[in-house]
Amino acid sequence: MSVNSIMNTGLSALLANQSALRVTSNNIANVNTEGYVRQDARTAQTVLNGQGTGVELIVQRAADRFLAAAHLSGISNAGQYQATAGLLDRAQAGFGDPTSSTSMFAAVDNLMSDAAALASDASSSLRKTDFVSSVNATFQDIQATFETIDGLRDEAHQKLTVAVSDTNQILSQISVLNAEIQKFRMAGADASGAETQQSQLMDQLAGYIDFKVTQRELGGVELRTTSGLLLVDHRAAELAVNQSTDGARYPGVSISPAGSDAELDVTRQIQSGEIRGLLTARDSDLPDLAYSLGEYASALADQLNQAHNEGTAVPAPTSLTGRETGLLGTDALNFTGAATFAVVDSSGRTIESVQVDFDAGTLTTSAGGVTAMGGTITGFTSALNSAFGGSATVSFTDGVMSLSATGTNGVAIAQDPTNPSDRGGRGVSAFFGLNDVVTTSRPVFYQTGLSGTDTHGITSGDITFGIRNGNGDLIQSITYTPGGTTFDDIINDLNGAGVLGSFATASLDANGSLTISPNTAGSVAVIDVISDTTLRGTTGTSLSAIFGLGIEGPAERARGLSLKDELSLSPSLLATSKFDTTATAVGSVGVAAGSNDGALALQGALGSAVNLRTMQGAEYLNLSLTDAAAQIASDAGSKATTLLNRAEASEALREEAKLRRASAEGVNLDEEMVNMTVFQQSYSAASRLIQASKDMYDTLLNMV
């Protein structure tokens, strides 16, 4: 080996150890820097044409990708669960403290208390006013609770927009640092500062969205979604909250991958992070809570309405007008049992009564005249109108039934005590809503009494179903235009492979309730209704409104229910009495002034058991109204607590991974001091080698 080779070898060692000392010094200087990853320096022999030519320094970050992945996963999971839990906790608080006198629970308790007081003194104007006020207060509280939940959905959407914007800024900064790190590496300069900053940015990014990390060969990182879409290389992808909702209330999230102009929906591919938590809260957890509240509100209203429709005020009201049923005059009557329709004077004496036997299909007047009423709603209405002989007028227009007495007389309807009328589980007056105490712009119940062979009557429009997974993400939308002529035709269409057959099963039960249940296999959790322009005849009611399909419509019942205006203005119209079905003879007392039968029925209705369903189709059976309200609030609180526990577990995992990562990647002062000593000694040895080579060279030169 020549003297020159020896000198070059020594010089390479000198430079390598000098660089190693800089690396060690840099490690020591960053011992307390958050996110700093230790740089390990080692020397390696350089070889040219099979002969050693010296040494070079190889510097590597002591990064542990497995611990880093666990750390980032913990950050993402904690971000997801905290975002959802915070919103659900506030939603649960919207119900109020069960022990508070101003909570929704207290309003229901007050209503029950006032119902009991009314039953004990049904003729008291004060008791009637108190009861009516309690009904009004209860549904106002329900509306306020719904508004809280619904407002939190809007808030989640606003936060989602901000989170997406913040995510884009972080992605952009990471891509810029990729270019800087690569530039430093190619120049042989120290890139640790930029790498540390990039690591810190990835920790921030993980709080918003989950991703996969790959180290780039030239330095920096490549980030991709869990499905492989490119988030960052030397360019940055851009996330966006979609502009179009395709009819749904809220849009999803799309991505323009780095280096592409395409816009791809990425909602379902986001598995964790704050963005996922906000999406799930907005599209699944909060809607489920709102849906349950809608179920509860409608059950309470339905119980009160059924009881009130079986009673009558004293004196009886001059007219009764029902609610929009979505039914057509040509629909089959589909009632069983019996009921009595009567006209009474101001003292409660019978002017005319018509006993309706739905089983026999006949009407019997006070005089004993018997007539057939036909098998349709129009046939029944027309026959009843004729049977009253001018003492009252009955009509059915655009799905609404009305009954009016002539002059100052009043009208009353009563169920047969042994064989009550029934359609879809409700008496004739309750089904048409002729004497409701609580009103709404949408159906309170969805047991329509329609059968599969009934003509569906959909004359125009179509309905778009949304297929959603357990997170509430929209998997697919399917538009269906009702065909055929009967409801059986619609059921068969819905169960076809071209509509919902691959995702769910539609069925119409004996009460006329249409249910669409997701198939047990697969990822489908809810069949939603995104838009519906169908109309049933001239009723102005859509297919989804009649049967309560989807999420938004059934949930909105909690917002739309309120005390009937007439009762608000005149509590004396409260149905505290009942028509005596034995007083069918003209002149007999049909409505007794001192009767409290109607008030007792209202009290009993508030103590009756109800059945509720969740958005996913689960049911709560035979719950009291008080227990039902507590169940809904408890579910919200329980879910919030579960999510908080998961967040804490994720935080613990993150901290554990962080500690282990710091142990594996961080700076140990003792080790660095040892390394510094080793590199200093190596540096000194290299210097001596160079000096010896120089002396040898000088000696040889003098000899020449």
**Request:** Before giving the answer on side-chain contact (heavy atoms from CB on, under 4.5 Å), spell out for Ser544 and Ile463 the whole-Å C-alpha distance, their side-chain angles and the decisive distance to 0.1 Å.
**Result:** CA-CA 8 Å; Ser544 60; Ile463 181 171; 4.1 Å; yes

**Request:** State, yes or no, whether a side-chain contact exists between Phe211 and Leu72 at a heavy-atom distance under 4.5 Å.
**Result:** yes

**Message:** Determine whether a donor-acceptor pair (N or O, by modelled atom type, separation under 3.5 Å) exists between the side chain of Asp210 and the backbone of Ser76.
**Reply:** no

**Request:** Can you measure from CZ (Phe465) to OG (Ser531) and round to the nearest 0.5 angstrom?
**Result:** 10.0 Å

**Message:** Please determine whether salt bridge (Lys or Arg N to Asp or Glu O under 4.0 Å) holds for the pair Lys159 and Asp166, giving the CA-CA distance in whole Å, both sets of side-chain angles, and the decisive distance to 0.1 Å.
**Reply:** CA-CA 10 Å; Lys159 287 184 175 180; Asp166 291 346; over 6 Å; no

**Asked** Who pairs with Glu274 by salt bridge (Lys or Arg N to Asp or Glu O under 4.0 Å), at least two apart in sequence or on another chain?
**Response** none

**Ile255 and Glu263: CA distance, side-chain angles, deciding distance, side-chain contact (heavy atoms from CB on, under 4.5 Å) verdict** = CA-CA 5 Å; Ile255 184 174; Glu263 288 189 12; over 6 Å; no

**Prompt:** Roughly how far, to the nearest 0.5 Å, is CG of Leu88 from CG of Asp285?
**Reply:** 5.0 Å

**Asked** Between Gln173 and Val176, is any pair of side-chain heavy atoms under 4.5 Å apart?
**Response** no

**Complete:** Correct closest heavy-atom pair for Ala163 and Ile275 would be CB-CG1, 3.9 Å

**Item:** Ser175 side chain to Ser172 backbone, donor-acceptor under 3.5 Å
**Value:** yes

**Request:** Kindly give the heavy-atom pair with the smallest separation between Ile149 and Ala91, and that separation in Å.
**Result:** CG1-CB, 4.3 Å

**Asked** Is the shortest side-chain N to carboxylate O distance from Arg276 to Asp473 below 4.0 Å?
**Response** yes

**Distance-minimising heavy-atom pair for Pro257 and Ala262** = CD-O, 3.6 Å

**Prompt:** Looking at Asp528 and Arg468, does any basic side-chain N land under 4.0 Å from a carboxylate oxygen?
**Reply:** yes

**Message:** Strictly distance-based, threshold 3.5 Å: is any side-chain N or O of Thr505 a donor or acceptor partner for the main-chain N or O of Gly501?
**Reply:** no

**Message:** Between Ser284 and Asn471, is there a side-chain donor-acceptor contact under 3.5 Å, judged purely by atom types and distance?
**Reply:** no

**Message:** So which atom in Asn168 and which in Ala237 form the shortest heavy-atom distance, rounded to 0.1 Å?
**Reply:** OD1-O, 4.1 Å

**Request:** Compare all side-chain heavy atoms of His157 with those of Arg249 and state whether any distance is below 4.5 angstrom.
**Result:** no

**Message:** For a 4.5 angstrom cut-off between non-hydrogen side-chain atoms, does Leu293 reach Phe95?
**Reply:** yes

**Asked** Does a salt bridge link Glu195 with Arg216, judged by any charged N lying under 4.0 Å from a carboxylate O?
**Response** no

**Prompt:** Is there a side-chain contact between Arg613 and Tyr291 (heavy atoms, below 4.5 Å)?
**Reply:** yes

**Item:** Side chain proximity check, Asp154 to Arg282, heavy atoms < 4.5 angstrom
**Value:** no

**Prompt:** Looking at Arg235, Gln198, His234, which one forms a side chain to side chain donor-acceptor pair (under 3.5 Å) with Asn178?
**Reply:** Gln198

**Prompt:** Do other residues, nucleotides or ligands put more than 12 heavy atoms under 6.0 Å from Glu147 CD?
**Reply:** yes

**Request:** Calculate, to the nearest 0.5 Å, the distance between atoms OG1 and CZ belonging to Thr148 and Arg153 respectively.
**Result:** 14.0 Å

Output side-chain donor-acceptor pairs under 3.5 Å for residues 223-230, partner residues at least two apart or in another chain, one line each.
{"from": "Arg224", "atom 1": "NE", "to": "Glu222", "atom 2": "OE2", "distance (Å)": "3.1"}
{"from": "Arg224", "atom 1": "NH1", "to": "Gly228", "atom 2": "O", "distance (Å)": "2.8"}
{"from": "Thr225", "atom 1": "OG1", "to": "Ser227", "atom 2": "N", "distance (Å)": "3.4"}
{"from": "Thr225", "atom 1": "OG1", "to": "Ser227", "atom 2": "OG", "distance (Å)": "3.0"}
{"from": "Thr225", "atom 1": "OG1", "to": "Gly228", "atom 2": "N", "distance (Å)": "3.4"}
{"from": "Thr225", "atom 1": "OG1", "to": "Leu229", "atom 2": "N", "distance (Å)": "3.0"}
{"from": "Thr226", "atom 1": "OG1", "to": "Gln269", "atom 2": "O", "distance (Å)": "3.1"}
{"from": "Ser227", "atom 1": "OG", "to": "Gln269", "atom 2": "OE1", "distance (Å)": "2.1"}

**Asked** Just checking, any donor-acceptor pair under 3.5 angstrom between side chains of Tyr250 and Asp283?
**Response** no

**Request:** Answer yes or no: is there a side-chain heavy-atom contact under 4.5 Å between Leu171 and Leu205?
**Result:** yes

**Item:** Donor-acceptor contact present, side-chain Gln243 to main-chain Ala240, <3.5 Å
**Value:** no

**Fill in**
Only one of Asp493, Asp462, Thr464 passes side chain to side chain donor-acceptor pair (under 3.5 Å) with Tyr480, and that residue is Asp493

**Item:** Steps toward side-chain contact (heavy atoms from CB on, under 4.5 Å) verdict (Leu160, Val241)
**Value:** CA-CA 8 Å; Leu160 174 66; Val241 177; 4.3 Å; yes

**Item:** side-chain contact (heavy atoms from CB on, under 4.5 Å) assessment of Val529 paired with Ile551
**Value:** CA-CA 7 Å; Val529 172; Ile551 299 171; over 6 Å; no

**Asked** With a 4.5 Å heavy-atom cut-off, do Asn77 and Gln80 have their side chains touching?
**Response** yes

**Under 3.5 Å: donor-acceptor pair, side chain of Asp288, backbone of Met615** = yes

**Atom pair CG (Asp150) and CG (Leu286), whose distance is rounded to the nearest 0.5 Å** = 9.0 Å

**Message:** Can you tell whether the side chains of Glu556 and Arg559 come within less than 4.0 Å, N to carboxylate O?
**Reply:** yes

**Message:** Please check this pair: side chain of Thr267 against backbone of Val253, looking for a donor-acceptor N/O pair closer than 3.5 Å.
**Reply:** yes

**Fill in**
Rounded to the nearest 0.5 angstrom, the CD1-CD1 distance for Ile516 and Ile527 is 7.0 Å

**Fill in**
Scanning both residues in full, the closest heavy-atom pair of Ala281 with Pro287 reads O-CD, 3.5 Å

**Request:** For Gly277 and Thr84, work out which heavy atoms get closest and say how close.
**Result:** O-OG1, 2.9 Å

